[in-house]
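Values below: all heavy atoms of this structure, side chains included; hydrogens, waters and symmetry mates excluded.
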Amino acid sequence: MDSGLQQLALCLFFILCRLFQATAEDDWKIATATLSRDRDGSSSVATGGACGYGDLRQSSFAGYSAGLSGKLFNRGSSCGACLEVRCVNHIRWCLQGSPSVVVTATDFCPPNSGLSSDYGGWCNFPKEHLELSHAAFTGIAETRAEMIPIQYRRVKCGRRGGLRFSLSGSSHFFQVLISNVGLDGEVVGVKVKGHTTAWIPMARNWGQNWHSSLDLIGQSLSFEVTLKGGKTIASYDVAPPYWRFGMTYQGKQFHS
């Protein structure tokens with residue numbers, strides 16, 4: 001190969017390397033973060049927060065959770081999503097080496113229109129902001145920081161055990177909370193099936209609570225769950241015919 005072709009090949013090699021590097025860096029998006037008011041990261045333990053997961057100390061998130069601003073929360077569809085977060089570009093507040101943590105979206109960070117978006121109104125639309133649990137925040141920054149610049153990206157959720165189906169409602173209203181979801185963690189579609197019915201689509205009520213106006217008491221229950229990424233999994237006979245409201249049952253789990 002003559003020198004001209006060698007130089008051309010070398011040039012193309014460096015261009016491809018830069019394109020690959022740029023694509024990798026593009027996975028990270030810019031946002032800001034603050035420390036949650038509560039050390040356990042669940043500012044609404046009694047009510048379960050805007051996703052409905054309940055007391056996060058009893059969850060599988062190990063204290064690594066986040067409340068999302070309205071733009072990121074997307075009316076609850078982002079509940080359960082896993083985000084890798086790191087503090088960047090602040091020599092005083094970011095921990096050395098910019099370590100990252102993985103958090104689960106568990107709550108909504110409400111706007112405060114009475115304050116500016118750079119002082120107090122962190123979650124005002126269209127700002128992209130995360131309110132991090134104590135464990136998550138201290139893993140990337142000094143707790144003395146009021147607000148930190150961060151980068152975040154979506155990652156796959158690693159979960160132990162299967163999907164959890166928590167049942168509530170009455171003879172005229174059936175609701176299920178879906179939690180401990182693997183892969184992208186974002187549930188976008190749910191169907192339920194009694195042993196005498198076909199698959200019946202459910203509607204999102206709030207957070208990751210899904211409902212339907214059905215009387216399924218006395219029937220064994222199966223659930224079909226679809227993720228944002230397109231994968232669907234069916235868990236048959238998750239709850240036996242003698243199930244009760246207030247109980248939680250476990251189904252299959254998503255795997256990559």
Side-chain angles (χ1 to χ4, degrees), residues 40-42 44-68 76-85 100-107 132-136 139 154-169 174-195 199 202 204-212 216 219-256:
D40 62 12
S42 49
S44 304
V45 170
T47 60
C51 291
Y53 293 135
D55 189 340
L56 297 183
R57 292 168 295 191
Q58 307 300 320
S59 72
S60 60
F61 308 141
Y64 287 83
S65 59
L68 307 184
S77 65
S78 294
C79 288
C82 289
L83 306 172
E84 184 178 7
V85 183
S100 67
V101 295
V102 175
V103 298
T104 299
T106 59
D107 209 346
L132 298 176
S133 66
H134 188 269
R154 298 293 179 94
V155 293
K156 293 180 180 179
C157 302
R159 304 295 189 209
R160 292 183 179 180
L163 273 63
R164 296 174 187 167
F165 302 90
S166 302
L167 311 181
S168 61
F174 180 79
Q175 181 169 277
V176 59
L177 167 67
I178 302 175
S179 59
N180 199 48
V181 183
L183 288 185
D184 58 56
E186 296 183 66
V187 177
V188 297
V190 178
K191 294 180 181 179
V192 63
K193 182 182 184 304
H195 63 251
W199 286 106
M202 303 185 74
R204 186 190 302 275
N205 193 308
W206 61 280
Q208 281 300 357
N209 285 280
W210 297 76
H211 77 277
S212 186
L216 294 172
Q219 297 196 49
S220 60
L221 302 178
S222 303
F223 293 96
E224 182 183 275
V225 177
T226 301
L227 299 182
K228 183 178 180 179
K231 286 202 172 184
T232 297
I233 193 170
S235 297
Y236 291 93
D237 298 323
V238 169
Y242 50 84
W243 62 265
R244 295 290 183 269
F245 292 120
M247 298 295 290
T248 297
Y249 299 91
Q250 185 167 281
K252 294 180 180 180
Q253 181 60 270
F254 289 97
H255 298 288
S256 56

Taking C-beta and beyond as the side chain, do [X] and [Y] meet within less than 4.5 Å on heavy atoms?
X	Y	value
V176	L221	no
R159	F254	no
V188	L227	no
N180	L163	no

If every non-hydrogen atom of [X] is compared with every non-hydrogen atom of [Y], which pair is closest and at what distance?
X	Y	value
C51	A105	SG-O, 4.0 Å
V238	G251	CG2-CA, 4.2 Å
A136	V101	O-CG2, 3.8 Å
C79	G207	SG-CA, 3.9 Å
G169	F245	N-CD2, 3.5 Å
Y64	A135	CE2-O, 3.6 Å

Quick one: [atom1] on [X] to [atom2] on [Y], what's the gap to the nearest 0.5 Å?
X	Y	atom1	atom2	answer
Y53	D107	OH	CG	10.5 Å
L177	L167	CG	CG	9.5 Å
I178	Q208	CD1	CD	6.5 Å
S78	L83	OG	CG	8.0 Å
M202	H211	CE	NE2	8.0 Å

Should the ring pair F165 and F223 be called parallel, tilted or perpendicular, given that the plane angle runs from 0 to 90° and is split at 30 and 60? parallel

Applying side chain to side chain donor-acceptor pair (under 3.5 Å), can you list everything that pairs with S212, at least two apart in sequence or on another chain? none

For D237, the side-chain contact (heavy atoms from CB on, under 4.5 Å) test, sequence neighbours excluded, returns S220, S222

With S168 via side-chain contact (heavy atoms from CB on, under 4.5 Å) - residues at least two apart: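 Applying side-chain contact (heavy atoms from CB on, under 4.5 Å) to S168 gives Q175.
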
Please list all pairs meeting salt bridge (charged side-chain N to carboxylate O under 4.0 Å, His left out) that have one or both residues in residues 177-186, counting only residues at least two apart or in different chains.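 Qualifying pairs, neighbours excluded: R154-E186.
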
Which residue pairs pass the side-chain hydrogen bond (donor to acceptor under 3.5 Å, both in side chains) test with at least one member in residues 242-253, sequence neighbours excluded? S166-T248

Sequence neighbours excluded - side-chain hydrogen bond (donor to acceptor under 3.5 Å, both in side chains) pairs with any residue from residues 223-233: T226-T232

What do the steps show when you test C82 against T104 for side-chain contact (heavy atoms from CB on, under 4.5 Å), and what is the final call? CA-CA 5 Å; C82 289; T104 299; 4.0 Å; yes

